[in-house]
Amino acid sequence: MRRILSSDVVNHAGKQVKIRGWLHKKRMLGGLNFINVRDRAGLVQILVEDKDEVEKLRGMQIGTVLSIEGEAAKDDRAPNGMEIHHPKLIIEVPVLDEPPIEIDKPLTHKPDNLDTLFEHRPLGLRNLREAAIFKVQAKVLEAFREYFSANDFTEMNSPKLLAEATEGGAEVFKLDYFGRTATLAQSAQFYKQIMVGVYERVFETNPTYRAEPSATTRHMTEYITIDAEIGFIEFEDLLEHAGACLISVISKTEKDCKKELKAWNTPPFKLPRAAKDIPRYDITEVHEMFARANKENHSDEDDLAPAEERWICEYAKKSHGSEAVFITGWSTKSKTFKFYHRANEKNPELADRADLLFRGVEIATLSMRENRYDKLIAQLKATGGDPTNPGYAPLLSVYKYGMPPHGGWGWGLERTVEKILNLNSVKEATLFPRDMNRLTP
RNA sequence: GGGCUCGUGGUGUAGCUUGGCCUAACACGCCUCCCUGUCACGGAGGAGAUCGCCGGUUCAAAUCCGGUCGGGCCCGCCA
């Protein structure tokens with residue numbers, strides 16, 4: 001007999017069916033026993049009455065792989081009104097040891113216990129509430145791809161093993177490469193810019209490595225960036241794309257992940273319908289507003305303090321009904337200005353750059369890139385870079401041979417999922433998180 | 001890297017302030033038995049922890065002190 005999925009049992013009422021999956025829960029009442037079996041579609045309940053069949057389950061722990069043939073039966077008392085009666089059980093893979101972590105009840109996500117959560121992650125992920133996180137992540141990625149596909153982007157993949165770090169900024173991992181030193185990519189920045197010269201619009205969902213000794217709820221040493229780069233646009237178009245992308249990602253998640261969002265009790269999303277209505281604030285403006293409303297003052301800082309990011313998102317939610325905001329007005333004089341960024345034509349003191357904040361955390365950084373070769377070289381020199389460094393050669397060559405105005409973003413996948421589900425740490429939204437202290441499992 | 005915090009059966013906690021009634025309690029999970037509609041099933045019984053580790057104070061340490069190891073939070077840095 002061919003296997004059907006748990007979700008399909010409902011379509012076979014009165015007929016013999018076969019399902020396969022993992023033993024997820026046992027409720028042994030004596031003469032009347034219920035087990036739940038998990039497969040990729042979810043759970044199905046099986047009513048086991050026959051003494052010989054019940055005996056097969058003795059000592060079988062959660063995780064036991066089962067094959068079950070029985071009669072699909074409608075019954076209002078069963079979950080979803082459907083279950084399997086008169087089953088014949090085959091123990092495909094017996095499990096005799098009890099799992100070290102709960103599979104069928106919610107696991108704690110208290111900060112003090114995250115270590116245990118991650119230590120037992122391979123099994124903990126079988127917990128439906130944990131699995132829900134990564135179902136959402138998969139949907140979010142799908143939503144990004146849908147947006148990119150609908151807007152003519154070409155997906156690309158760039159190497160993560162590099163000769164040396166040139167982008168600057170974050171610390172880089174070094175490793176032995178047949179006697180030479182290689183580095184792990186801390187961004188796909190140069191490659192996606194190069195690819196604009198080929199396809200105009202490109203994107204990549206790629207691992208990114210940062211050797212920052214950061215111990216926060218926002219940082220990991222390896223994470224997924226959704227990189228996009230778009231040719232023949234201006235700053236306004238870039239903001240429009242990022243805003244529209246966020247709105248479509250959130251609305252797809254809202255539509256396709258109802259069960260998962262409910263499992264995490266997430267608050268309803270508040271976003272404007274149109275990207276142009278996402279509130280924008282200059283960084284100096286946020287500094288001032290924050291200082292007026294709070295006891296702290298961060299006006300002398302180049303970037304927003306985490307407390308300011310949280311505050312401005314709350315503010316925008318209350319006053320504009322938007323949990324997302326763009327932070328603009330970044331100075332070209334500060335160290336946040338990188339050599340490939342473009343200064344504003346009308347106001348060269350400011351960069352054509354924005355951060356996208358969502359539910360209190362920075363999820364993406366957007367900027368226009370300087371596409372004029374001479375200007376790019378000048379900016380590289382001005383920021384302490386050496387244009388003759390061979391690491392810059394591939395990037396500089398495409399500018400020499402014609403690049404249109406373009407811009408793009410680096411967008412943190414885990415931070416986005418974290419905030420969608422209202423989790424407290426990026427690591428909770430990462431299958432197998434990597435940080436300063438954790439390299440396993 | 002700086003500041004602050006936490007460490008008790010497989011899991012989550014209580015006890016620690018004010019040392020002794022701790023021969024370490026409770027819930028989940030596990031084992032045995034009872035239970036014909038459970039769905040966080042219920043009931044009775046049971047196994048399982050030298051309280052992260054080392055040292056000190058004391059008649060007496062899970063509890064106080066010092067060190068050490070391992071986590072976490074915030075900040076800096078960044079997605």
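Every chain is numbered from 1 and lettered A, B, ... according to where its sequence line falls, protein lines coming before strand lines.
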How about A/Phe269: does its CZ atom have over 12 heavy atoms from other parts shown lying under 6.0 Å from it?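 Result for CZ/A/Phe269: enclosed.
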Are more than 12 heavy atoms, taken from residues, nucleotides or ligands other than A/Lys135, located less than 6.0 Å from that residue's NZ atom?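 Not more than 12 within 6.0 Å, no.
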Hey, is A/Glu229 close enough to A/Lys192 for a salt bridge, meaning N to O under 4.0 Å?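 Salt bridge between A/Glu229 and A/Lys192, a charged N being under 4.0 Å from a carboxylate O: yes.
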Strictly below 4.0 Å, N to O, side chains only: are A/Glu102 and A/Lys105 in salt-bridge contact?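 Result for this pair is no, no salt bridge flagged.
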side-chain hydrogen bond (donor to acceptor under 3.5 Å, both in side chains) pairs, two or more places apart, involving residues 76-85 of chain A: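 For residues 76-85 of chain A: A/Gln45-A/Glu83, A/Asp75-A/Arg77, A/Glu83-A/His85.
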Pairing partner (Watson-Crick or G-U wobble, both distances under 3.5 angstrom) of [N]:
N	answer
B/C64	B/G56
B/U38	none
B/U32	B/A44
B/G1	B/C75

What residues, two or more places apart in sequence or in another chain, satisfy salt bridge (charged side-chain N to carboxylate O under 4.0 Å, His left out) together with [X]?
X	answer
A/Lys74	none
A/Glu155	A/Arg145
A/Lys160	A/Glu204

With a 4.0 Å limit, can you tell me whether [X] has a side-chain N or O closer than that to the phosphate oxygens OP1/OP2 of [N]?
X	N	answer
A/Arg58	B/C33	yes
A/Arg27	B/C41	yes
A/Gln189	B/A79	no
A/Lys26	B/C30	no

Spacing of the [atom1] atoms in [M] and [N] (rounded, Å):
N	M	atom1	result
B/C64	B/G1	C1'	32 Å
B/A62	B/G52	P	10 Å
B/U23	B/A40	P	39 Å
B/G2	B/U68	P	14 Å
B/G7	B/C65	P	13 Å
B/C30	B/G72	C1'	30 Å
B/C34	B/G71	C1'	44 Å
B/A27	B/C74	P	34 Å

With hydrogens left out and only the distance checked, is there a donor-acceptor pair under 3.5 Å joining A/Arg415's side chain and the base of B/C78?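 Check passes, donor-acceptor contact within cut-off.
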Suppose we call a contact any N or O donor and acceptor under 3.5 Å apart; does that hold for the side chain of A/Ser214 and the base of B/C77?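 Side chain to base: pair found, below 3.5 Å.
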Is the closest side-chain donor-acceptor distance between A/Ser214 and A/Thr216 under 3.5 Å?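 No - no donor-acceptor pair under 3.5 Å links their side chains.
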Roughly how many Å is it from [atom1] in [X] to [atom2] in [N], rounded to a whole number?
X	N	atom1	atom2	result
A/Lys419	B/A79	NZ	P	17 Å
A/Arg434	B/C78	CZ	P	24 Å
A/Asn113	B/G7	CG	C1'	11 Å
A/Leu123	B/G10	CG	P	16 Å
A/His120	B/G10	NE2	P	10 Å
A/Asp435	B/G70	CG	P	13 Å
A/Leu357	B/C78	CG	C1'	13 Å
A/Glu309	B/C78	CD	P	11 Å

Side chain of A/Thr216: nearest nucleotide among B/G76, B/A79, B/G72?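 My answer, after comparing the listed nucleotides, is B/G76.
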Could you list the protein-to-nucleotides 35-37 of chain B atom pairs, N/O on both sides, closer than 3.5 Å?
from: B/C35; atom 1: N1; to: A/Leu29; atom 2: O; distance (Å): 3.0
from: B/C35; atom 1: O2; to: A/Leu29; atom 2: O; distance (Å): 3.3
from: B/C35; atom 1: N3; to: A/Leu29; atom 2: O; distance (Å): 2.7
from: B/C35; atom 1: N4; to: A/Met28; atom 2: O; distance (Å): 3.2
from: B/C35; atom 1: N4; to: A/Gly30; atom 2: N; distance (Å): 3.3
from: B/U36; atom 1: OP2; to: A/Gly31; atom 2: N; distance (Å): 3.4
from: B/G37; atom 1: O6; to: A/Arg77; atom 2: NH2; distance (Å): 3.4
from: B/G37; atom 1: N1; to: A/Asp75; atom 2: OD2; distance (Å): 3.3
from: B/G37; atom 1: N1; to: A/Glu83; atom 2: OE2; distance (Å): 2.6
from: B/G37; atom 1: N2; to: A/Glu83; atom 2: OE1; distance (Å): 2.9
from: B/G37; atom 1: N2; to: A/Glu83; atom 2: OE2; distance (Å): 3.1

For A/Pro111, enumerate each residue passing the side chain to side chain contact (heavy atoms under 4.5 Å, CB included) test, keeping only those at least two apart in sequence or located in another chain.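 A/Pro111 satisfies side chain to side chain contact (heavy atoms under 4.5 Å, CB included) with no other residue.
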Looking across every strand, which nucleic acid part, if any, lies under 4.0 Å from [X] by heavy atom: base, sugar-phosphate, or nothing?
X	answer
A/Lys335	sugar-phosphate
A/Arg129	nothing
A/Thr217	sugar-phosphate

5' priority, RNA chain B, between A/Glu222 and A/Asn424 [closest heavy atom]: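 Taking each residue's closest nucleotide, the earlier one in sequence belongs to A/Asn424.
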What ring pair (Phe, Tyr, Trp, His ring centres under 6.0 Å) pairs are there with at least one residue in residues 287-308 of chain A, not counting sequence neighbours?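 Counting only pairs at least two positions apart or across chains, the ring pair (Phe, Tyr, Trp, His ring centres under 6.0 Å) contacts touching residues 287-308 of chain A are A/Phe290-A/His298, A/Phe290-A/Trp311.
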Would you say the base of B/A79 stacks on A/Trp411 (centre-to-centre below 5.5 Å, plane angle below 30°)?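 Stacking between A/Trp411 and B/A79: absent.
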Go through residues 9-16 of chain A and report each residue with a non-hydrogen atom lying under 4.0 Å from RNA chain B, sorted by number.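 Correct list: empty, so none.
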Residues touching RNA chain B, which here means a heavy atom under 4.0 Å, drawn from residues 97-112 of chain A: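 Contacting residues: A/Glu98, A/Pro100, A/Glu102, A/Lys105, A/Thr108, A/Lys110, A/Pro111, A/Asp112.
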By side chain to side chain donor-acceptor pair (under 3.5 Å), which residues pair with A/Thr221, not counting sequence neighbours?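 Partners of A/Thr221 under the side chain to side chain donor-acceptor pair (under 3.5 Å) test: none.
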Using the test ring pair (Phe, Tyr, Trp, His ring centres under 6.0 Å), find all partners of A/Phe144 that sit at least two apart in sequence or belong to another chain.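 Listed in chain order: A/Trp411.
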Name all residues meeting the ring pair (Phe, Tyr, Trp, His ring centres under 6.0 Å) criterion together with A/Tyr223; count only those two or more places apart in sequence or in a different chain, and write none if there are none.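 Ring pair (Phe, Tyr, Trp, His ring centres under 6.0 Å) list for A/Tyr223, sorted by chain: empty.
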Please state whether the rings of A/Trp264 and A/His109 are parallel, tilted or perpendicular, taking 30° and 60° as the class boundaries.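 Aromatic pair A/Trp264/A/His109 classed perpendicular.
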